[in-house]
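One structure, pasted below without further comment.
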Protein chains: 2
Amino acid sequence: MHTSVTEENYLKAIFALSNGNLQAANNQQIADKLSINPASVSDMLRKLSERGLIAYHRKTGALLSEEGMQVAAKTIRKHRLWETFLVQQLNFTWDEVHEVAEQLEHIDSEKLIQEMDKLLGYPKFDPHGDPIPDGNGQLPKYHPIALSNAGIQKIYILCGITNHSSAFLQFLDTFSLGIGSTVQITGFQPFDRSMSVLLNQTTSTVFSFTVCSNLLVMQ
Amino acid sequence: MHTSVTEENYLKAIFALSNGNLQAANNQQIADKLSINPASVSDMLRKLSERGLIAYHRKTGALLSEEGMQVAAKTIRKHRLWETFLVQQLNFTWDEVHEVAEQLEHIDSEKLIQEMDKLLGYPKFDPHGDPIPDGNGQLPKYHPIALSNAGIQKIYILCGITNHSSAFLQFLDTFSLGIGSTVQITGFQPFDRSMSVLLNQTTSTVFSFTVCSNLLVMQ
DNA sequence: TTTAAAATTTAGGCAAACCTAAATTTTAAA
DNA sequence: TTTAAAATTTAGGTTTGCCTAAATTTTAAA
């Protein structure tokens, strides 16, 4: 199925707003996200629905169909692979990649994206730590490990904690650290098993072994 | 000045048809080249003319203005850099690159193209042997040398000959070799100064020193 | 339960780029 | 030089995707 740039942007927005197609996205949310007038969104939702890419009802909102999901995942896959390429090979910074990736994600070439994937070594996460869907639109499996068991230099996503005390939560809060934050391990001190970490690609600090063993991360 | 994908395609077509802005391109030629109805071309030529990107008159045809030339050169620069990238780094073959480069050439990011240029080592010619305009839209200078003085492994463009005998011309003809053909030097035999060459990226053969000294090539 | 506010849709338009069919202009042959 | 053919333009339409303003529907407060 051929999809226009506009359609792909709507599907991507619905994917994001629906939190991976869990809760339906309504007109207003989509209009806000895309900075498009609700009347126009109404039009497009009807069209996407007629094309079988979403299920939509004005009261309940929009969810992606099987096919819509495929398109969205493919577009996100391209976006994140391009971001990875721009940062790793073209010296783009974190904040520069998005605008360009928004354009590149709509380039239509199966070979291009396969070769790009290969060139980058089949990455599972982009430089922001967001997961890259595979060629079938599947997100990488969720395999949490304690940060204390994680490998040096790698970038992880915080996906859970094993200590729910308010003291610990407050501690995390002082670093603006939450589920989905990225944690890159930049160093390890064997004598106390503490780790130097880079949080959200911005804040450098050191976490004790106690902290590290209470943070669940995935690749 | 912002230009649409469509406008860029028209300017590129006019550049190509006008042979680098030497002889004006007429409606019909542009319509054929872009597979667009002459009536539509008429509309667009008026628009481009109003925007100051071309000089157009129905009798004399279209030529690029200074500004139109800049846009065309920039688009061609992007196209050829992308082709080079696709072939060199993403294992695309000669015939696969065009379709994708047609899309990529319209991506708008100064940094992207600068970094791509750097990544590729500031190439002057693309894999087809076509010259890549520099950041200011200038084509590389024409510096012909005898093939016998050229460097191994490099790709050259045949740009002239110093022997115009029909025997020599016929000889070239058997290899479909003409001005604009590419010649890559794949080997050099010092004992007779003969060269192994790859012609037009397809035909492998060996040229004697005599042949090599009568072929003018440029980088 | 009524009613006001908020969300959504409908109606009517616009711009970009394309089209076909019908002029009109240019070129070239008789 | 006339005239027919070819090239080009104009006129009137289409589709996509957006807009504003005016309904309409839904939600939530009184």
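Every value quoted in this text rests on a predicted model; they were computed, and no experiment measured them. Letters A, B, ... are given to chains in the order of the sequence lines, protein chains preceding strands, and every chain is numbered from 1.
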Testing the 3.5 Å rule here: is there a donor-acceptor pair between the side chains of B:Thr202 and B:Asn200?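 Note: B:Thr202 and B:Asn200 side chains miss the donor-acceptor criterion.
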With respect to the phosphate group of D:dA7, does any side-chain polar atom (N or O) of B:Lys59 fall under 4.0 Å of OP1 or OP2?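 No, B:Lys59 has no side-chain N/O under 4.0 Å of OP1/OP2 on D:dA7.
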According to a strict under-4.0 Å criterion, is A:Ser4 in side-chain N/O contact with OP1 or OP2 of D:dG17?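 Yes.
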Can you see if the side chain of B:Ser40 gets near the phosphate of C:dA17 - specifically, an N or O under 4.0 Å from OP1 or OP2?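 For C:dA17, OP1/OP2 do not have a side-chain N/O of B:Ser40 under 4.0 Å.
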Specify whether B:Phe175 and B:Phe207 have parallel, tilted or perpendicular ring planes, treating 30° as the upper limit for parallel and 60° as the lower limit for perpendicular.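 Answer is perpendicular, since the angle exceeds 60°.
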Could you check how far CE of A:Met44 sits from P of D:dT16, rounded to whole Å?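 From A:Met44 CE to D:dT16 P: 9 Å.
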Checking all strands, does A:Asn26 fall into the base, sugar-phosphate, or nothing category for heavy-atom contacts under 4.0 angstrom?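 Since only primed, P, OP1 and OP2 atoms lie under 4.0 Å of A:Asn26, the category is sugar-phosphate.
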Could you please name the option among C:dA11, D:dG17, C:dA16 that lies closest to any side-chain atom of A:Ala39?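 Shortest atom-to-atom distance from the side chain points to C:dA11.
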Note, B:Ile14 side chain near B:Leu63 side chain (heavy atom, < 4.5 Å):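 A side-chain contact is absent here, since even the closest heavy-atom pair is not under 4.5 Å.
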Measure from NE2 on A:His106 to P on D:dT16 and round the result to the nearest Å.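 Nearest whole value for this atom pair: 18 Å.
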Just how far, in rounded Å, is C1' of C:dC19 from CD1 of B:Ile36?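 It works out to 11 Å between those atoms.
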D:dT25 - base-pair partner by Watson-Crick or wobble geometry, distances under 3.5 Å: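 Looking at the geometry, D:dT25 pairs with C:dA6.
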Exceeds 12 heavy-atom contacts within 6.0 angstrom, atom NZ of A:Lys12: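 Correct, the count exceeds 12.
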Do any side-chain nitrogens or oxygens of A:Arg46 fall under 4.0 Å of OP1 or OP2 in C:dT9?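 False: A:Arg46 side-chain N/O out of range (4.0 Å or more) of C:dT9 OP1/OP2.
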Whole Å only: how far is the CG atom of A:Asn37 from the C1' atom of C:dT8?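 Between C1' of C:dT8 and CG of A:Asn37: 11 Å.
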Across all strands, who's sitting opposite D:dA11 as a Watson-Crick or G-U wobble pair, both distances under 3.5 Å?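 Looking at the geometry, D:dA11 pairs with C:dT20.
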Atom CG of B:Asn9 and atom P of C:dA16: how far apart are they, to the nearest Å?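 So the two atoms are 17 Å apart, to the nearest Å.
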Pairing check on C:dG13: which nucleotide meets the Watson-Crick or G-U wobble criteria with it, both distances under 3.5 Å?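 Across any shown strand, C:dG13 pairs with D:dC18.
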So, OP1 or OP2 of D:dA7: does either fall under 4.0 Å of a side-chain N or O from B:Arg58?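 The answer is no; no side-chain N or O of B:Arg58 sits under 4.0 Å from OP1 or OP2.
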For the pair B:Glu67 and B:Arg51, find out whether any cationic side-chain nitrogen is under 4.0 Å from an anionic carboxylate oxygen.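 So B:Glu67 does not pair with B:Arg51 through a salt bridge.
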For B:His2 and C:dA15, what is the distance between atoms NE2 and C1' respectively, to the nearest whole Å?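 Distance check: B:His2 NE2 to C:dA15 C1' gives 14 Å.
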Looking at the side chain of B:Asp43, which of C:dC19, D:dC18, C:dA7 is the nearest nucleotide?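 For the B:Asp43 side chain, the nearest candidate turns out to be C:dC19.
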Closer than 4.0 angstrom, basic N to acidic O: yes or no for B:Glu105 and B:Arg77?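 Answer for the salt bridge query: no.
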Counting only Watson-Crick pairs (N1-N3 plus N6-O4 or O6-N4) and G-U wobbles (N1-O2, O6-N3), all under 3.5 Å, who is the partner of D:dA30?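 The base-pairing partner of D:dA30, which may sit in any strand shown, is C:dT1.
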If the cut-off is 4.0 Å, is B:Ser42 near the phosphate of D:dT10, judged by side-chain N/O to OP1 or OP2?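 It does not, given that no N or O in the side chain of B:Ser42 lies less than 4.0 Å from OP1 or OP2 of D:dT10.
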In whole angstrom, give the distance that lies between atom CD of A:Gln28 and atom P of D:dT26.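 Interatomic distance, CD of A:Gln28 to P of D:dT26: 16 Å.
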Is the phosphate of C:dA16, meaning OP1 or OP2, less than 4.0 Å from a side-chain N or O of B:Tyr10?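 No, because none of the side-chain N or O atoms of B:Tyr10 sits under 4.0 Å from OP1 or OP2 of C:dA16.
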Out of D:dC18, D:dT8, C:dC18, which has the shortest distance to the side chain of B:Asn27?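 So the nucleotide nearest the side chain must be D:dT8.
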Check every atom of D:dT9, C:dA16, D:dT16 against the side chain of A:Lys47 and return the nucleotide holding the closest atom.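 Nearest to the side chain of A:Lys47 among the choices is D:dT16.
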Integer-rounded Å distance: D:dT16 C1' and A:Glu50 CD: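 Atom-to-atom, A:Glu50 to D:dT16, this comes out as 14 Å.
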